[in-house]
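Note that the coordinates shown come from a computational prediction; the quantities given were computed from them, not determined experimentally.
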Amino acid sequence: MEILRHVFLVFHLFGFAALLGGVFFQLRGEDPVAGGYMLSSAVVQLVTGAGLIWTRTALDLPVVDAKMGVKLALDVLVAGAALAGLRNKRPWAFYAVGSFTAAAAVVAVAWT
C-alpha cells in the first residue's frame, strides 16, 4: 500500500508540473489560452488526490480534512476553469487555471 501511495504522489506531482509548467510556458507567448493538457492534468490531480487520501486513510496516516476540502475545491476550480477555457478560448480562464494551481500548491506546502 505504501508503494501505491508513492505512485499516486508521483503522478500528482506530474499533474501539477504539467499545469504550472504549461502556464509558465504560455506566458511567453502573445495570446495564452487554456489547452486540453490543462484539463487532462486537472483530472489527473483530482484522481491522484483522491487516491492519496484513500491510501493515507488505509495506512492510518493522518489526514487533515479541512486542508483536503480546500485542495479539492481548488482542484475542481482548476478543472472548471480549464474546461471553460477549452470551450471559449478566453484569457481569463488561462489566468484562473494558473492562479488556482498556484493556490493549491501554497495550500499543499504551507498548511500543515
If you look at every heavy atom in [X] and [Y], which pair is closest and at what distance?
| X | Y | answer |
| --- | --- | --- |
| G35 | L86 | C-CD1, 3.7 Å |
| A82 | A34 | O-CB, 4.2 Å |
| R56 | P62 | NH2-O, 2.9 Å |
| K67 | W111 | NZ-O, 2.9 Å |
| A79 | L39 | O-CD1, 3.7 Å |
| A93 | G85 | CB-CA, 3.3 Å |

As an exercise, state the distance from [atom1] of [X] to [atom2] of [Y], rounded to the nearest 0.5 Å.
| X | Y | atom1 | atom2 | answer |
| --- | --- | --- | --- | --- |
| T48 | F11 | OG1 | CZ | 9.5 Å |
| Y95 | R90 | OH | CZ | 14.5 Å |
| L13 | F8 | CG | CZ | 13.5 Å |
| L9 | T55 | CG | OG1 | 9.0 Å |
| L52 | L4 | CG | CG | 9.0 Å |
| L72 | D65 | CG | CG | 11.5 Å |

Any side-chain heavy-atom pair of F94 and M38 under 4.5 Å: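 When only atoms from C-beta onward are counted, M38 and F94 do touch, with a gap below 4.5 Å.
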
Close side-chain approach of Q45 to F14, heavy-atom, < 4.5 Å: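 Side chain of Q45 against side chain of F14, heavy atoms only: no contact under 4.5 Å found.
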
Tell me whether [X] shares a hydrophobic cluster with [Y], the cluster being built from Ile, Leu, Val, Met, Phe, Trp, Tyr side chains joined at under 4.5 Å.
| X | Y | answer |
| --- | --- | --- |
| V47 | V7 | no |
| L27 | V97 | yes |
| L20 | L77 | yes |

Pairs meeting criterion ring pair (Phe, Tyr, Trp, His ring centres under 6.0 Å) with involvement of residues 17-40, two or more places apart: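 For residues 17-40, and leaving out neighbouring residues, there are no ring pair (Phe, Tyr, Trp, His ring centres under 6.0 Å) pairs at all.
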
T101 side chain vs G98 backbone, donor-acceptor pair below 3.5 Å: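 Flag not set: sc T101 to bb G98 has no pair under 3.5 Å.
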
Residue of the set L19, L74, V76 for which side-chain contact (heavy atoms from CB on, under 4.5 Å) holds with F100: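 Output: one option passes, namely L74.
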
With E2 via side chain to side chain donor-acceptor pair (under 3.5 Å) - residues at least two apart: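 Per chain and number, E2 pairs via side chain to side chain donor-acceptor pair (under 3.5 Å) with R5, H6.
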
